[in-house]
Amino acid sequence: TACKSAVAFFHFSILANYFWLLVEGMYLQTLLALTFVFQKKYFWWYIVIGWGLPTIIITAWILTRNFYSNNGCWDDTDVAFIWWIIKGPITASLLVNFMIFLNVIRILVQKLTSPGVGGNDTSHFKRLAKSTLLLIPLFGMHYMVFAFLPEHTGAEARIFIELGLGSFQGFVVALLYCFLNGEVQAELKKRFWKWQTQSYLSYSKRRRMLFNESSTVTQISVLDKSSPKEQQVSEAHALTTNSMSAV
């Protein structure tokens with residue numbers, strides 16, 4: 001049971017990965033195509049597509065596997081129609097994402113060739129090529145290489161390419177669209193400066209408290225060793241010093 005649960009969770013994670021790629025494509029197309037976008041209107045639809053559809057698909061796969069091919073650890077793909085319960089939605093999501101990718105490229109071409117955008121054809125081509133290369137990891141277009149080939153075609157190359165590209169996809173997307181973003185960098189610098197300022201103020205406060213404590217201890221030790229008359233003079237001097245430091 002534990003092994004079957006692990007395999008089911010593995011397939012659910014893969015499904016969620018592909019459907020969230022689809023959500024990223026839909027979100028970007030919405031930003032480019034619509035002038036005024038109310039994000040709350042689409043937020044729950046994104047949640048349903050990203051988490052809800054994989055949950056429904058994996059539930060159907062578990063039930064089908066349990067009743068029709070309940071053998072081993074469920075890690076084989078011998079029964080084709082059961083395997084297509086998972087592979088079919090993945091292939092469909094890639095196709096939809098590919099069409100969204102082409103539509104986004106079309107929108108970018110229209111924006112670059114509009115009269116309000118300066119530059120010549122060479123600069124437009126360079127900007128379009130750069131945008132296309134940046135969109136490939138966001139849309140997961142590298143998965144299209146083996147999406148429509150049979151499972152056992154180029155198995156070794158397929159494993160290396162899919163694992164290599166898939167493992168670093170999240171890092172590449174975070175690097176390109178988050179950490180290299182000017183607004184994110186400005187926010188991080190602001191947070192770092194605030195942290196430095198708070199650390200300096202707390203250090204200065206601790207140092208001032210330690211200085212006051214050491215000064216008080218020194219004054220008390222001097223008072224213990226002096227005569228009563230000198231003690232009165234020292235106490236008055238200490239009171240004056242503390243009042244001035246407080247001010």
Side-chain angles (χ1 to χ4, degrees), residues 1-30 42-105 132-177:
T1 302
C3 182
K4 293 175 181 178
S5 301
V7 172
F9 180 74
F10 170 75
H11 288 309
F12 171 79
S13 302
I14 292 176
L15 284 165
N17 175 64
Y18 282 103
F19 277 97
W20 275 107
L21 286 175
L22 177 60
V23 169
E24 289 176 3
M26 295 170 63
Y27 176 73
L28 183 60
Q29 180 179 241
T30 304
Y42 298 99
F43 177 75
W44 288 109
W45 285 109
Y46 295 150
I47 295 294
V48 169
I49 295 172
W51 295 120
L53 288 180
T55 303
I56 294 172
I57 294 167
I58 202 65
T59 302
W61 180 81
I62 290 172
L63 293 175
T64 308
R65 188 82 203 219
N66 185 59
F67 287 109
Y68 290 97
S69 182
N70 189 15
N71 56 338
C73 197
W74 292 1
D75 57 344
D76 59 272
T77 58
D78 297 335
V79 184
F81 84 94
I82 295 178
W83 174 236
W84 272 94
I85 295 175
I86 292 176
K87 188 177 179 180
I90 289 176
T91 307
S93 69
L94 285 173
L95 278 174
V96 175
N97 222 18
F98 182 68
M99 290 188 289
I100 294 175
F101 174 76
L102 295 179
N103 188 42
V104 168
I105 297 298
T132 304
L133 290 175
L134 289 174
L135 288 174
I136 287 174
L138 182 69
F139 282 83
M141 289 296 98
H142 51 276
Y143 291 117
M144 295 291 293
V145 177
F146 295 103
F148 303 102
L149 296 177
E151 284 295 316
H152 302 291
T153 303
E156 294 184 1
R158 181 175 190 157
I159 289 174
F160 281 106
I161 292 175
E162 288 191 350
L163 288 180
L165 295 176
S167 298
F168 291 98
Q169 179 192 359
F171 172 75
V172 172
V173 170
L175 186 67
L176 293 176
Y177 293 92

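- With sequence neighbours left out, Phe98 forms a ring pair (Phe, Tyr, Trp, His ring centres under 6.0 Å) with no residue at all.
- The side-chain contact (heavy atoms from CB on, under 4.5 Å) search around Asn70 returns Lys4, Asn66, Trp74, not counting sequence neighbours.
- Between Val79 and Ser69, the closest heavy-atom pair is CG2-OG, 3.9 Å.
- Here salt bridge (charged side-chain N to carboxylate O under 4.0 Å, His left out) pairs that include residues 51-66, with residues two or more places apart or in two chains, are Arg65-Asp76.
- For Trp51, the ring pair (Phe, Tyr, Trp, His ring centres under 6.0 Å) partners at least two apart in sequence or on another chain are Trp20.
- With sequence neighbours excluded, no residue forms a salt bridge (charged side-chain N to carboxylate O under 4.0 Å, His left out) with Asp75.
- Within the 4.5 Å cutoff, side-chain heavy atoms of Thr30 are placed close to those of Tyr46.
- Leu28 places a side-chain heavy atom less than 4.5 Å from the side chain of Leu135.
- Every residue meeting the side-chain contact (heavy atoms from CB on, under 4.5 Å) condition with Leu53, not counting sequence neighbours, appears here in chain and number order: Phe19, Ile49.
- A pairwise comparison of heavy atoms in Ile86 and Leu15 identifies O-CD2, 3.9 Å as the closest pair.
- Judged as a side-chain contact (heavy atoms from CB on, under 4.5 Å), and not counting sequence neighbours, Ala92 has no contacts.
- For Gly50 against Val23, the heavy-atom pair with the smallest separation is N-CG2, 4.0 Å.
- Tyr18 pairs by the ring pair (Phe, Tyr, Trp, His ring centres under 6.0 Å) definition with Tyr143, not counting sequence neighbours.
- Atoms CG and CD1, from Leu22 and Ile100 in turn, are 5.5 Å apart once rounded to the nearest 0.5 Å.
- Sorted by first and then second residue, the side chain to side chain donor-acceptor pair (under 3.5 Å) pairs with a member in residues 93-104 read Gln29-Asn103, Asn103-Arg106; sequence neighbours excluded.
- Partners of Ser5 under the side-chain hydrogen bond (donor to acceptor under 3.5 Å, both in side chains) rule, at least two apart in sequence or in another chain, do not exist in this structure.
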Go through Phe12 and Ile57 one step at a time and tell me if the side chain to side chain contact (heavy atoms under 4.5 Å, CB included) criterion holds. CA-CA 8 Å; Phe12 171 79; Ile57 294 167; over 6 Å; no
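- Taken from CG in Leu21 to CD1 in Ile90, the straight-line distance is 10.5 Å, to the nearest 0.5 Å.
- Residues forming a side-chain contact (heavy atoms from CB on, under 4.5 Å) with Thr64 (at least two apart in sequence, or on another chain): Tyr68, Phe81, Ile82, Ile85.
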